[in-house]
Each structure stands twice: as C-alpha cells, then as structure tokens.
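Below is one structure, written out as structure tokens, with a few remarks after it.
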Amino acid sequence: MKDVNVYEIAAFIVYFCLVLGVGIFFFIRSKKEAGEKSYFLGGRNMSGAVAALSAGASDMSAWVLMGLPGAIFLLGLGQIWISVGLFIGTALAWLFIAPRLRTFSIAAKDSITIPQYLTNRFCSENKALQIASALVFIIVYCIYSASSISACGDLFKTLFKLDDSGRTVAMVVAAIIIVLYTFLGGFNAVCWTDFFQGLLMLAALMIVPIVAAVMINAGKGASPSLEANYYNILSSGKFDRASIMDILSGLGWGLGYFGMPHILIRYMSIKSKKEMNRSRIIGTTWTFLILAMASVVGLVGRQYIGDALAISGEKQMIFIEMGTRLFPALLAGILLSAILAASMSTADSQLLASSSAFSSDIYKSVVRKNASDREVMWAGRFVVVFICAVALTIAILPNTGGIMELVSDAWAAFGSAFGPVIILSLYWKRFNYAGAVSGVISGFLVDAVWRYGFHNTALADLYEIIPGFVVGMIVSIVVTLATAKPSEEVEKLFDRGVSILKSDEENA
C-alpha cells in the first residue's frame, strides 16, 4: 500500500461534512414537521428513486466492496451464488412484498414499524409480539451495526497504515458521524444520505474494474496462479455435495429480504403506487449492477494485481488496492469513500430501525403510554446513541468475528424470524396472531440452534437461514390451523388492504 496522502484524507473529510450537512438540514426542517411518523418514516412521503437507492444502500454494506470481491478474487466464480441469491431475493421482494406491505401497514392503523404492523395487522391488544420483536431488533442490530463500524476501522487501518489504537479511533469517529446525522435528521436524513451513498457505491464499482481492464489490455496486468476451477461456477468443479451446499446457501441469502426490517420499512415509506413502480425498477436495476460489478472487481483484480493479496491473506483489500494503484490520490479518496458509504448507509438504517422499534413498541407501549409524538421521537434519538455505543464496543472487542461473519449471523436471524410471518400476513387471510408469535419465535430459535449448536458438524455447511425460514413457515401455518380463525375485524382489515391494492392498480 502506498504512503498516506493528504488528498485522500481531504476526500474523506469532505465526505463526512456532506453527510453531516444532510443531517443538519433535516434537523432544521424537522422543527416544522416534528413528530414520530416524520422522524421514523419520513411522513410516508419518499420518492421512488430515494426509497429504492436507500433500500439498496442500507442492504449492501461494506461486504459488497470488501467481502464479495475478496472471496471471488481468491476462490473464483464458485463464490458468486450469494450474489445470485441476493438479486433473486430483492427482485421478488420488490414485486410481491413492497406494494402489499405499504398498503397493509397503512390499513393496520398506519403502522410505522414492523413490530407495530404485525400487532395491528391482527387487531390485537396483546403487546407480546410487538415487544418480543422490538427486543430482537435491538439485540441483532447491535451486532449488525458492529460489522459496519468495524469495516470503517478496517478501511482506515489499511489505507492509512494505522495500528490497533488508530483503528479504534477511526471507528469512534465513524460512529460519531453516523450518530450525529441519524440523531439530527431521522428517516429523511438517513434516506437522502443513503441515496447519494448508493450513487457513489455504484460509480466506484463501475469505474474501478473498467479502468483496470483497460490497463490489463495495455499489457500492465499480472500473471496470477489460478486454481483449475477458478472460472467454474461450481466451487469444486463438479456437482457434488460441496457445490450443492454452496449453491443452496448462496441462494438462501435471498430469503433475508422478506424479513429485513431496515429494508421493509423503506417499502412502507413510499408515497404512492406510481412511485412504488419507479422504486421497483430502480431498486432491482441498482442491485443487479452492484452485485455484478462487485463480482467483476474480484475477477479483474486477480488479473491486474496478481497473487500478492492472496498470499498475504488480505484478499478483502482488493478494491482498496486497485483504487490506490489506478487513480490519483484525490480521486482515489473519493472512490474509496464508497466503502464508507456502504458501511455508514447500513449502520444508520439499522440504528434508526432499532431505535424506532424501542421508542414506538416498548417506550410508548409499555413505559409511557401517553407519551407525545415529540417525546417518542426524542426517546428514539437517545436510543440511537445507546445502540451505537454498544455496537462500537462490540466492534472494538478483540474476539469479535469478522465483517462477513457478523453480517451473515444478523441477516439469517432476521430472515428466519420475520420472513415467513411477513409473507403470510400479506397473503393469507386465515393467518392469526398465535401463528405469527409462534413463527417469529420458532424461526429465530432454529436459526440460532443451527448456527451455534451445529457449528462443528456437517450441518454447518448449510446456511442457517434456510432451516430457520422453513421451520418458521411450517410452524406459523400449523399453529394457525390448530387455533381459532381470526376475528371478523381482522378479516375486514385484510379485505380492506386487498381492496386498496386493487384500486391503486386500476388508477396507476
């Protein structure tokens, strides 16, 4: 890695100032639009483009710029199945979940969080599901946010040759910036910063491999030593158990989209059916390009860089290495800010989703039932600070897992717990409260047991989201059929949601 350059530092400082500026802008604006719904859901007034890129950017953490390119750089095309699964999942979610969830959340007493929606969907006064879901949010998001903060530390440590104490300082600074603009501007600030961060991520992933390919064509590439199956989509080179497990586990990542709260809430924020259609096109296209170009970075990077990073064990630094070699310092700093964008756009969304779950679903429901919207909003702001502090502590701990491991655990937990319940709540009129509670608990528990109970067994080869999701779905259906059907009020709510959907489609 080359010596630290003042222009690279300047690029990062400018980037931090821009995202803070967005937070300050929406904080000033929020004085005129104060309220719980505005702070946590943007008043359901998000445009299609902003919602789409915000959903994508909050989904694609630093993993897409470090973990995925690094895995493909080292091992080849056999690692591409996660990308395939994620693209299929996001396309299906935009088609079948986004429009119905937006409509049903409005029909369900204008719900502004996922736990609130699930409770209101069944017209229940019982807060058990709402509270349990909110607690899962807070616990899992602390881990999820830790991965994003850790990625910021790794970026600065590698780029500026910092020691462990310097990495810790970098993580603290990144956490403070994230907290400030989330604390100040709420959902609007998060979505608009995600919008620009999504554009930056796409630009960086498009530019870096194209320029590298031009350099390779000009004879300035390397001569890497590649495994025989490097360009084979079957990791072992044949259709055996190892390849089947890789394919199933990779495709299983797509199931996470049906239960990922910080993505689902973007669907709920879109202001109209027309904007929903625009979001769907933009969101799926952006995701396809991001995943495709991240894979290309790995393949082109191996031809351009050679084997050095593979030998040193720093495969995840391939994008950083290419950026610093190919471009002048200032431009390299701008392009590498995409890693910050990926990390921060995920962390801010997670902080807001967990704080909204606490303030709306625990604070207002249990602690202060008569709390005003403004009081709930400020409770959420302080929870942002608390959760970020916990996430920062986790990221600093020496035995914390790597970025990909933390993301994988959190993604599977949410997909298993909430994915089946969300799907059934939107498409099955007979689905009841007991089935929803059982589905969330069973999906989460099976996911955890599979992940940690079978850690050193052959079953660990299968990504835990698959058994967790399947069991959650089965238990939800069985318990629903074994218990009383929902009340007439619940059935009317379902019919009202379907009727609104049909009316929107006819008027679109």
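All of these numbers come straight from a predicted model, not from anything done at the bench.
In this structure a side-chain-to-backbone donor-acceptor pair under 3.5 Å is missing from Trp411 to Met260. A donor-acceptor pair under 3.5 Å is absent between the side-chain atoms of Ser416 and the main chain of Ala413, judged by distance alone. Looking at Tyr117, its side chain never comes within 3.5 Å of a backbone N or O of Phe104 through a donor-acceptor pair. Of the possible donor and acceptor atoms, one in the side chain of Trp450 sits under 3.5 Å from a partner among the backbone N and O of Leu462. Side-chain atoms of Ser249 come within 3.5 Å of backbone N or O of Met245 as a donor-acceptor pair. Between the side chain of Thr393 and the backbone N or O of Ala389 there is at least one donor-acceptor pair closer than 3.5 Å. With hydrogens and angles disregarded, no donor-acceptor distance shorter than 3.5 Å links the side chain of Trp81 to the backbone of Gly252.
A ring-centre distance under 6.0 Å is not found for Phe418 and Phe258. When ring centroids are compared, Phe73 and Tyr304 stay outside the 6.0 Å threshold.
Under the 4.0 Å criterion applied to side-chain N and carboxylate O atoms, Asp307 and Arg302 are assigned as salt-bridge partners.
To the nearest 0.5 Å, the span separating CG on Asn232 from CD1 on Ile80 amounts to 12.0 Å.
Just one of Val478, Leu424, Leu255 meets the side chain to side chain contact (heavy atoms under 4.5 Å, CB included) condition when paired with Met473; it is Leu424.
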